[in-house]
Amino acid sequence: MVVTIGATMVVTLAVAFVIVYRQTGTELHNQLRVALRSSASQLAGTIRELPHATPDTALAAARRFARAQPYGNASVLLFAIVPGHGTASNHPELFGASKPDEDENWAEQRVENAQGRQLERPRPGFAYQQAPDTGMLLTYEQSVKLDDGLRVYAGAAEPVSGIARAQHGVRRSYLLAGAVALGLALLGAFVAGSRMAAPLRRISNTAERIDGGDISPRMHVPASASREVHVLAQAFNNMLDRLRDAFDAQREFVADASHELRTPLTVVRGQLDLLASTDPVSSEDLNRVSQIINAEVARMSRLTEDLLLLAQSEASDFLRPEPISLQPFVSELWDGLSLTADRKFEIGSLPDLELRADPDRLAQALRNLGSNAIQHTRERDGLVRIDASLLPTTREHSALVRFTVSDDGPGIRPEQRARVFERFYRTDPARPRAAGGAGLGLAIVAAIAAAHGGSVSAERSAAGGAAMNLDLPREPPTI
Ligand SMILES: Nc1ncnc2c1ncn2[C@@H]1O[C@H](COP(=O)(O)OP(=O)(O)OP(=O)(O)O)[C@@H](O)[C@H]1O
Ligand SMILES: [Mg+2]
């Protein structure tokens, strides 16, 4: 960042410098031109006012005028040229031949004399001319016509080195100011950059540790950090919390699943060991052991099927929805279920409607609810009932079809009503194994509901037992 800011500053300063430098040069040149023009005009005016001017009187008048304004700091170089008659100037050394200065030799003097003679040649308007000692001059000459037809050239000049010096001064101040500004900006950028980078560096250190497999660290940013950094750290921490929860849930799930599988495996091994130590083995022994092993294998295969189904329920192709006519669908299902146990099976009022759902999954969910009801009710007169109704569209949801499976068993205690839908959750863990399954039945119902965009809930039935609600939208949202 510091490099970027530095580069931007350098480019900006360079552009500004070129503009200011050029502008100063142009401005000074313009001012010089105005000054030269006005001085030359004044000199020309003096000559023009002479009555019956001759070259000599003109030169004499020019000399007087020039002498009154000696060349130096205050005044520009003034001169009048009458070609063939001579020159008058407030700095006569520039024109024509003169003796060499002490530190000049004859060769240098010859060059200067040649330059002086060049100056004596009239050049109306503005011109740049090399002059001895002063260097390059900007000259302005204006011609005045004398009575006898001769022309006098009244001129003014100034060395351009003054402009170069002024520009040089501008350049020096600019470079100094630019260097100070650049230094301060870089320092500021560095301080601001490190203040911003410090919390980000911490975040990246934490991220590295997490990448190394440890998800316990959390981002702690100082209160002085910017809002964006706080939002980033918060989002990161939330993500880590969710990740930890997901890992915990996963670990718990695997532990529960292996525990559930281990139990039947232990039974099978125990029975086989028992058989091995029995001598001689009677056919009754074999029958008994094979019955037990068959039951345990059936239990294990049901468990693995349930686990597989739960894993699949998160896949996008889990459902194959089709239109279902509610009345015949529920009646057939309940008639089928009634053959599996001796209970009082009832079908309540069923609305005559169609919904779109996966018929196999829906049947499985309702069967799970039905078999729970069977398990928790008395033989013969226990009530196992199904109802369906249409919940109209509200602000929270579109039209829902509610299936309710209720019984007159012991029911589910209010504090357990939400938890019964968790995987491997059983209200009574000490229950004899024969009396129940692994605790996946309601988790599967919940997964099927969720895949349809619906939900499940438990409440107390009118008969005092459990009432399990399965709510499905008439149209699954994703299909
Ligand atoms: N109709 C009900 N009446 C009383 N308790 C119920 C009823 N339905 C479920 N429960 C309780 O909810 C818990 C979870 O039920 P779920 O169907 O998920 O598991 P499960 O029936 O024990 O085993 P699985 O269905 O996998 O064979 C059970 O422990 C059960 O005690
Ligand atoms: Mg069950």
Side-chain angles (χ1 to χ4, degrees), residues 249 252-264 267 295-313 333-334 337-338 340-348 361-379 381-387 402-451 455-471:
E252 205 177 312
F253 180 71
V254 171
D256 286 342
S258 40
H259 175 77
E260 289 300 325
L261 283 169
R262 200 179 311 123
T263 318
V267 174
E296 292 304 326
V297 167
R299 195 181 170 83
M300 278 193 285
S301 58
R302 220 198 98 199
L303 185 69
T304 41
E305 266 168 32
D306 284 356
L307 287 172
L308 199 62
L309 188 128
L310 278 173
Q312 286 169 344
S313 71
L333 186 82
W334 228 241
L337 195 71
S338 66
T340 64
D342 182 14
R343 300 285 187 282
K344 208 158 68 157
F345 286 90
E346 279 182 10
I347 301 178
R361 304 298 185 203
L362 177 56
Q364 180 171 11
L366 293 176
R367 267 198 300 266
N368 281 4
L369 294 177
S371 73
N372 277 354
I374 292 169
Q375 273 171 31
H376 293 91
T377 44
R378 286 181 312 275
E379 286 261 5
D381 63 342
L383 175 71
V384 176
R385 177 185 165 98
I386 187 160
D387 285 276
R402 165 166 285 189
F403 298 90
T404 306
V405 176
S406 49
D407 60 55
D408 60 354
I412 304 171
R413 291 212 302 279
E415 68 276 13
Q416 291 178 325
R417 284 180 190 159
R419 298 212 61 195
V420 289
F421 297 101
E422 289 173 14
R423 295 168 182 193
F424 297 112
Y425 182 83
R426 284 176 287 213
T427 48
D428 177 12
R431 189 172 38 147
R433 286 181 63 244
L440 289 177
L442 288 181
I444 288 173
V445 178
I448 290 172
S455 60
V456 284
S457 57
E459 41 182 52
R460 188 177 181 277
S461 72
M468 313 300 282
N469 298 318
L470 167 62
D471 297 342

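Treat the numbers as computed from the prediction; the structure is a model and nothing was measured. For ligands, and for the atoms within them, numbers begin at 1 and follow the listed sequence. Positions are given from 1 along the sequence.
Ligand 1 has no N or O atom lying under 3.5 Å from any N or O atom of Ile412, backbone or side chain. No N or O atom of Arg426 sits closer than 3.5 Å to an N or O atom of ligand 1. Among the atoms of Gly439, some N or O lies under 3.5 angstrom from an N or O of ligand 1. On a distance-only criterion, Gly441 and ligand 1 share at least one N/O pair closer than 3.5 Å.
Atom CG of Asp407 sits about 9.0 Å away from atom CE of Met468, to the nearest 0.5 Å. Rounding to the nearest 0.5 Å places CG of Asn469 at 4.0 Å from OG1 of Thr404. With rounding to the nearest 0.5 Å, the separation of CD in Glu422 from CD in Gln416 is 11.0 Å. Rounding to the nearest 0.5 Å places CZ of Arg343 at 4.0 Å from OG1 of Thr377. Atom-to-atom distance recorded for Glu296:CD and Leu261:CG is 11.0 Å, nearest 0.5 angstrom.
At a 4.0 Å cut-off, at least one heavy atom of Arg302 sits close enough to ligand 1 to count as contact. Heavy atoms of Pro410 stay at 4.0 angstrom or farther from ligand 1. Remark: distances from the non-hydrogen atoms of Ala438 to ligand 1 include one below 4.0 Å.
Between the Asp306 side chain and the Leu440 main chain, no donor and acceptor come within less than 3.5 Å of each other. His259 places no side-chain N or O within 3.5 Å of a backbone atom of Ala255 that could act as its donor or acceptor partner. Without hydrogens or angle criteria, Asn368 side chain to Gly441 main chain gives a donor-acceptor distance under 3.5 Å. Under a 3.5 Å cut-off, the side chain of Arg367 and the backbone N or O of Leu337 do not form any donor-acceptor pair.
Against a heavy-atom cut-off of under 4.0 Å, Gly411 is close to the following atoms of ligand 1: 4 (C). Within ligand 1, counting atoms from 1 as listed, the ones closer than 4.0 Å to a heavy atom of Ala466 are 1 (N), 2 (C), 3 (N).
Contacts between Asp407 and ligand 1 below 4.0 angstrom, taking non-hydrogen atoms only, involve the side chain exclusively. By the criterion of a heavy-atom distance under 4.0 Å, neither the backbone nor the side chain of Phe421 is placed next to ligand 1.
The Mg ion (ligand 2) has Asn372 OD1 as its protein N, O or S neighbours under 2.8 Å.
Under a 4.0 Å N-O distance rule, the pair Asp471/Arg402 qualifies as a salt bridge. Salt bridge absent: Glu305 and Arg302 never bring a charged side-chain N and a carboxylate O closer than 4.0 Å.
When all heavy atoms of Ala451 and Ser313 are compared, the pair lying nearest together is CB-O, 4.4 Å.
Comparing Val384, Leu303, Leu442 by heavy-atom distance to atom 15 (O) of ligand 1, the nearest is Leu442.
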